[in-house]
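Some notes on the structure that comes next.
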Amino acid sequence: MTNEEKYVEEIADQGDNFSQWYNQVVRKAELADYAPVRGCMIIRPYGYAIWENVQRLMDARFKETGVVNAYFPLLIPRSFLEKEAEHVEGFAPEVAWVTRGGGEELEEPLAIRPTSETIIGHTYAKWIQSYRDLPILINQWNNVMRWEKRTTLFLRTSEFLWQEGHTAHRTLEEAQERTLQMLEVYRAFAEEDAAIPVLVGRKSENEKFAGALRTYSIEALMGDGKALQAGTSHNLGQNFARGFDMQYLDADGQRKLCATTSWGVSTRIIGGIIMVHGDSSGLILPPRVAPYQTVVVPIWRKDAEKSAVGALVERVEKMLKGKVRLKVDMSENTPGWKFNEWEMRGVPIRMEIGPRDAQNDSVMLVRRDNRVKEAVPLDALQARLPELLEEVQHALFQRALEFRARNTYYTDSYEEFKHIIAEKRGFVRVKWAEDSAAELAIKEETKATLRVIPLDQPEGDVQGKCFYTGKPATCEAVFARAY
RNA sequence: CGGGGUGUGGCGCAGUUGGUAGCGCGCCUGGUUUGGGACCAGGAGGUCCGCGGUUCAAGUCCGCGCACCCCGACCA
């Protein structure tokens with residue numbers, strides 16, 4: 001930051017206690033509140049508005065790839081969950097059950113969906129007769145429930161909002177292609193809309209989704225050096241097709257199993273946005289997802305000034321209507337109070353309109369990310385403000401990218417690895433021989449997990465030895481401590 | 001689920017050897033203010049996390065719960 005001056009006094013310093021900072025920002029910026037039920041959260045209007053922007057932007061990207069939206073039920077018969085062995089085992093401890101209804105014990109308990117692969121598998125099996133029915137490309141925006149032992153607002157809650165996409169294909173190759181296509185959609189959303197740089201890659205066997213053939217993810221680095229899985233895309237192979245008998249008659253007259261995929265991004269991404277961009281004054285929201293892109297703070301002393309300022313505010317409002325998401329703060333608080341409040345709440349650009357501006361027919365724009373001020377004549381505003389918002393958007397991405405570069409380490413030495421994980425955190429990239437036992441041992445010894453095997457690998461075969469086992473390396477992998 | 005910590009107006013906290021609850025901020029009313037969290041005056045707001053116990057008397061002592069935070073275990 002160019003300006004280290006700390007105006008907002010109400011929140012903990014990021015460096016002192018990151019998780020305390022995080023909780024205070026979430027609550028003071030009025031993003032979310034605790035609910036009466038453990039692990040559940042109330043998403044307040046300001047937080048929900050971020051989610052609506054996430055939905056709008058991602059939904060458009062999905063639809064560009066041919067995906068349509070639908071809705072499947074909240075309650076899932078127990079027998080469905082049991083049809084895919086790995087899946088049941090993986091989710092069993094997290095499932096909440098409905099056992100009574102209408103005052104009576106139910107014949108079959110109903111799961112509150114932890115995810116919808118099973119009920120969608122059941123449904124697709126009925127819909128699919130011929131290869132002509134494929135592919136099916138459906139997404140749903142909904143809530144799911146997973147009983148969690150330890151919860152944090154947005155990052156891990158028992159109930160959360162997300163989208164889950166479910167596709168069915170004729171071939172394994174096509175499913176694989178779709179899996180990677182949606183991973184790329186997530187990357188583009190994260191980097192271009194949320195301004196969060198992400199590593200894109202494959203999960204290890206240990207970390208993959210229960211029931212998947214392969215799991216891919218985007219991984220982001222938070223301000224405290226811990227990693228956050230920000231989106232996942234699974235190639236489910238024929239596992240769920242087998243469990244739910246999703247078969248089609250192919251052109252060659254043979255009955256064949258479908259291949260399926262699923263992919264999801266949740267309200268956790270909001271936690272990521274907070275932890276990637278925020279500073280010790282509070283939130284910093286990337287303009288594309290910010291509920292208010294610009295907040296207008298009017299300033300006056302005398303009544304005459306008040307009317308001149310008021311008139312200018314109205315002109316500005318009219319001029320920018322439909323072009324910029326604008327909030328005019330007409331509350332009784334002093335300008336100084338408003339500056340701090342809206343900085344804490346992360347509005348990317350503040351527009352000060354006072355007597356001097358009324359006189360000059362201009363406004364004062366102040367960026368949240370670096371507090372740089374700029375006087376803009378009224379006739380240039382309509383062009384300049386959207387441009388400045390884009391500049392902030394790019395600056396936030398750039399800053400996060402630089403932060404990640406500074407906090408990414410390469411090592412061939414396990415000793416150094418341990419030191420980095422313990423002292424500095426961040427991403428650690430190593431040569432790796434894909435060994436589950438070694439992975440678990442590393443986790444045991446250092447708390448670091450294999451976040452991702454990046455798609456971006458060195459040219460040709462990986463040379464050298466695994467940093468842990470000394471076996472010939474098969475790839476490069478990235479480890480980190482994670483949320 | 002294990003170890004540690006904390007629960008007192010909306011928020012942050014104080015409350016002594018047990019004696020019947022207070023401070024700052026916020027909130028309401030009126031007035032003066034307004035380019036980086038204004039000021040004065042008046043006012044409202046409390047089952048002290050819950051239940052049980054000890055005691056003439058419990059925010060304070062004892063027991064059992066619950067919630068939240070931190071560190072672990074678990075976890076797409």
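A quick note: this is a predicted structure, and the numbers were derived from the prediction, not measured. The chains referred to below are lettered A, B, ... by the order of the sequence lines, with proteins before strands, and numbering in each begins at 1.
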query: So what does the secondary structure string of RNA chain B come out as, 5' to 3', with Watson-Crick or wobble pairs under 3.5 angstrom, [ ] for crossing and | for pairs with another strand?
result: (((((((..((((.....[..)))).((((((.....)))))).....(((((..]....))))))))))))....
message: Side chains of A:S233 and A:T179: any donor to acceptor distance under 3.5 Å?
response: no
field: Shortest non-hydrogen contact between A:R27 and A:Y34, atoms and distance
entry: NH1-CE1, 3.4 Å
field: Side-chain N or O of A:K447 closer than 4.0 Å to phosphate OP1/OP2 of B:G72
entry: yes
Side chains of A:R178 and A:T65, donor plus acceptor under 3.5 Å: yes
message: Measure CE/A:M344 against P/B:C25 and give the value in whole Å, please.
response: 18 Å
task: Classify the side chain of A:N333 versus the base of B:G37 as yes if they form a donor-acceptor pair under 3.5 Å and no if they do not.
output: no
task: Output every pair passing side-chain hydrogen bond (donor to acceptor under 3.5 Å, both in side chains) with a member in residues 79-98 of chain A, not counting sequence neighbours, ordered by first then second residue.
output: A:S79-A:E108
message: Applying salt bridge (Lys or Arg N to Asp or Glu O under 4.0 Å), can you list everything that pairs with A:R350, at least two apart in sequence or on another chain?
response: A:E343, A:E352
Residue A:N23, side-chain heavy atoms: nucleotide from B:U34, B:C1, B:C69 that is nearest: B:C69
query: Is it true that A:W51 and A:F154 have ring centroids separated by less than 6.0 Å?
result: no
Side-chain donor-acceptor pairs of residues 40-49 of chain A under 3.5 Å, sequence neighbours excluded:
{"unit_1": "A:Y46", "atom_1": "OH", "unit_2": "A:R345", "atom_2": "O", "d": "2.7"}

- prompt: So what does A:Y34 hit on the nucleic acid, given a heavy-atom distance under 4.0 Å: a base, only sugar-phosphate, or nothing?
  reply: sugar-phosphate
- request: Give a yes/no on whether any side-chain N or O of A:R350 is located under 4.0 angstrom from OP1 or OP2 of B:G35.
  value: no
- prompt: side-chain hydrogen bond (donor to acceptor under 3.5 Å, both in side chains): which pairs involve residues 436-445 of chain A, sequence neighbours left out?
  reply: A:S204-A:E439, A:N206-A:E439, A:Y414-A:E445, A:E445-A:Y468
task: Please check the phosphate of B:C70 (OP1 and OP2 only) for any side-chain N or O of A:S19 closer than 4.0 Å.
output: yes
- prompt: Any side-chain N or O of A:R368 under 4.0 Å from OP1/OP2 of B:G36?
  reply: no
- prompt: When you measure from every atom of RNA chain B, which of residues 262-278 of chain A have a heavy atom less than 4.0 Å away?
  reply: none
message: One thing to verify: whether A:E415 and A:K418 come together as a salt bridge, which I'm taking to mean a side-chain N less than 4.0 angstrom from a carboxylate O.
response: yes
- request: On RNA chain B, check which nucleotide each of A:T215 and A:R301 is closest to and give me the residue with the more 5' one.
  value: A:R301
message: Side-chain N or O of A:T334 versus OP1/OP2 of B:G37: is the shortest distance under 4.0 Å?
response: no
